[in-house]
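Let me begin by presenting the structure, written as structure tokens, before commenting on it.
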Amino acid sequence: MPSVFIKTYGCQMNERDSEAVAAQLLARGYALSPSEHEADVVLLNTCSVRDFAEQKALGKMQSLAGTARSQGRSPILGFMGCMAQSRGAGLLEEQPRAHLVLGTQKFHRAAEHLDALLSGRERQVVDVAEEARSQDTIREHLPAAGARAVTAFVSIMQGCNQHCTFCIVPFTRGEERSRTIPDVVEEVRTLVSRGVREVTLLGQIVTSFGRREIPVREGKSGFVQLLEAVQAVDGLERIRFTSPHPKGYGDDLIGAFGRLSKLTEHAHLPLQSGSDRILKQMHRGYTRDRYRGLVERLRAAHPDMGVTTDIIVGFPGETEDDFAQTLSFCEEIAFEQAYLFKYSPRRDTPAASLPDPVPQEVIEERHARLLALINRLASEKFANYVGRTVEILVEGPSRKNAARFEGRTRDNRIVIFPGSDRHLGELLPVRIERAGAFTLYGDPAIVGFSPADAAVESPSVPEPLPA
Ligand code: 5AD
């Protein structure tokens, strides 16, 4: 039985795609290999969002081919995902020792192509065509993959129509296409029957789910209708989603927080810039005022709403004044966490041909300043948790310390505590004793405490240290 190793670069959607391909290959008689240096097939699931990610995958392919040759092995080597889609056959010219280039609408054909390559029927395969209803093919999950099976990702759509001027995704993932609500619900039901307690609904812009396919009903968008349908799945405890777009938060979605008990209080809301001038050039479709108003509405809907974001530093033409506006806006919003990206020109995107590129050393310097601010804001938020009792969903042994267990708060913070297997998949009240930079440390709270109390408990002021 041939063995396969899949290495994933980039986002959660890529992780999900890799899982679906792994599940498909298992079903077709392949085994999963623990090592890239022993596998008969190695697939790199690539990311194109920044040049850095592409270079990493290209370097990896070269080193895989080199190591295999020095070991006297000849595994099948393949690229899949975004870079495979955008570079197509060109990838094999650049990396002639690779065998497969599998595009973003063709994941479900992986086994068929690998069979042909392993049997020698084909020497190289490039399959990057568009395929109708490819969004319906990302639905197979690995059978309970150890402790992480408490949570699962569910892809609800593919593609993106927003065409932000910096972004390569519309070229790599194609037009927006949604699955049907019954199909997604069926997948969630199956996951729950296997022990999953939390699902994260995934899409490039999930708030656009069903925009063309599903009519608005009683003022509710297709996405809110989907949330309601998933809420109704018995045994599911929590629903998350990522990424939304600020334009997708109508009153229907804001109203869903609180009304839908399983919908957690977390919004990953990519801001990209705090300057209206830059936002316009990015084609983001909102202003800072509108974004601020949205965060206010979200926090009014739930006081514990966690708001996290993505920001690009050094978009072409970004002046010191534009950047100062990003700094002041981050301070004002006080994000719980932010992911910072140094602008990377992407082929075929409108921003790549804009004048006034920001010099690399200026990008580095701005990035460092913004990172310091974001870290300070995040640590203040983390410190606020000390002394509070919060509800966590226990996911399994801690990734940092296998002797401990970890779970997440409803607003998506990791809590490490002294747990055991019997806690797996439970909603547990935990008292936070200490806050690290990205992690909270807690103890299971007093027996008899009801998780419902956690939601209403207000943050307590930590005791001042003795002088
Ligand atoms: N350069 C830098 N960052 C980018 N992102 C998307 N395209 C680029 C680019 N060309 C960032 C955005 C997006 C995140 C997933 O990646 O912030 O939200």
Side-chain angles (χ1 to χ4, degrees), residues 8-17 45-57 81-83 85-87 104 153 155 157-173 176 200 202-208 241-249 266-275 278-279 281-286 288 291 294 307-318 322-323 326 329-330 333 335-354 356-360 362-364 366-368 370-371 374:
T8 308
Y9 297 84
C11 62
Q12 292 159 325
M13 258 167 293
N14 279 12
E15 283 180 38
R16 176 69 196 106
D17 293 337
N45 190 5
T46 56
C47 170
S48 286
V49 162
R50 287 167 298 159
D51 187 53
F52 178 65
E54 293 204 348
Q55 296 309 323
K56 270 207 312 209
C82 286
M83 184 168 68
Q85 186 69 44
S86 67
R87 296 198 184 201
T104 50
F153 293 139
S155 273
M157 60 200 295
Q158 290 181 325
C160 187
N161 289 358
Q162 177 69 19
H163 287 277
C164 300
T165 57
F166 52 79
C167 189
I168 198 171
V169 167
F171 304 100
T172 63
R173 296 249 174 199
E176 215 167 78
T200 302
L202 293 180
Q204 212 65 45
I205 299 187
V206 280
T207 39
S208 297
F241 57 80
T242 199
S243 295
H245 188 285
K247 70 179 181 181
Y249 281 86
H266 175 227
H268 181 70
L269 215 50
L271 169 67
Q272 312 302 2
S273 169
S275 154
I278 297 289
L279 285 172
Q281 300 223 354
M282 288 177 161
H283 192 231
R284 288 294 291 171
Y286 53 82
R288 56 191 264 146
Y291 188 101
L294 169 57
V307 183
T308 58
T309 199
D310 292 344
I311 295 171
I312 296 178
V313 178
F315 184 81
E318 182 190 74
D322 292 316
F323 180 66
T326 298
F329 197 64
C330 288
I333 298 288
F335 290 108
E336 339 294 311
Q337 193 53 266
Y339 301 91
L340 310 186
F341 298 87
K342 297 169 192 165
Y343 173 71
S344 168
R346 309 311 295 127
R347 56 188 169 276
D348 300 332
T349 59
S353 47
L354 283 178
D356 303 324
V358 179
Q360 198 57 38
V362 176
I363 294 186
E364 299 295 336
R366 287 180 188 166
H367 181 270
L370 185 54
L371 186 62
I374 294 298

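Worth saying up front: this structure is predicted, and the values here are computed from it rather than measured. Counting starts at 1 for both ligands and their atoms, in listed order.
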So, regarding Phe166 and ligand 1 (criterion: nitrogen or oxygen to nitrogen or oxygen, under 3.5 Å), is there a contact or not?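 N/O-N/O distance under 3.5 Å: yes.
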
For the backbone of Ser273 and the side chain of Thr326, can you confirm whether one donor and one acceptor N or O come within less than 3.5 Å of each other?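 Looks like no, no N/O pair under 3.5 Å.
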
Which residue and atom name correspond to the protein heavy atom nearest atom 10 (N) of ligand 1, and how close is it?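 Heavy-atom neighbour on the protein nearest atom 10 (N) of ligand 1: Ser344 O, 2.8 Å.
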
Among all protein heavy atoms, pick out the one at the shortest distance from atom 16 (O) of ligand 1; state its residue, atom name and that distance to 0.1 Å.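 Scanning the protein heavy atoms, the shortest distance from atom 16 (O) of ligand 1 goes to Val49 CG1, 3.4 Å.
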
Counting heavy atoms only, name the option from Ile312, Asp310, Leu340, Ile363 that's nearest to atom 18 (O) of ligand 1.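 The nearest heavy atom belongs to Asp310.
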
Of the listed options Arg346, Arg50, Gln272, closest to atom 13 (C) of ligand 1 (non-hydrogen atoms):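 The nearest heavy atom belongs to Gln272.
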
List every atom of ligand 1 that sits less than 4.0 Å from any heavy atom of Tyr343, numbering the atoms from 1 in the order shown and giving each element.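 Going through ligand 1 atom by atom, the ones under 4.0 Å from Tyr343 are 1 (N), 2 (C).
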
Quick check on His283: does its NE2 atom have over 12 non-hydrogen neighbours (other residues, nucleotides or ligands) under 6.0 Å away?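 No, because the 6.0 Å sphere around NE2 of His283 holds 12 heavy atoms or fewer from other groups.
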
Does the side chain of Arg347 come within less than 4.5 Å of Ser86's, by heavy atoms?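 The answer is yes; the side chains approach within 4.5 Å.
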
Carboxylate-amine/guanidinium proximity below 4.0 Å for Asp17 and Arg173: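 Arg173 and Asp17: salt-bridged.
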
Phe341 contact mode with ligand 1 (heavy-atom cut-off under 4.0 Å):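 Under 4.0 Å from ligand 1, Phe341 contributes side-chain atoms alone.
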
Walk me through whether Lys342 and Gln360 qualify under side chain to side chain donor-acceptor pair (under 3.5 Å). CA-CA 9 Å; Lys342 297 169 192 165; Gln360 198 57 38; over 6 Å; no

Exercise: do His266 and Thr308 side chains pair donor with acceptor under 3.5 Å: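 Checked: His266/Thr308 side chains pair up, N/O donor to acceptor below 3.5 Å.
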
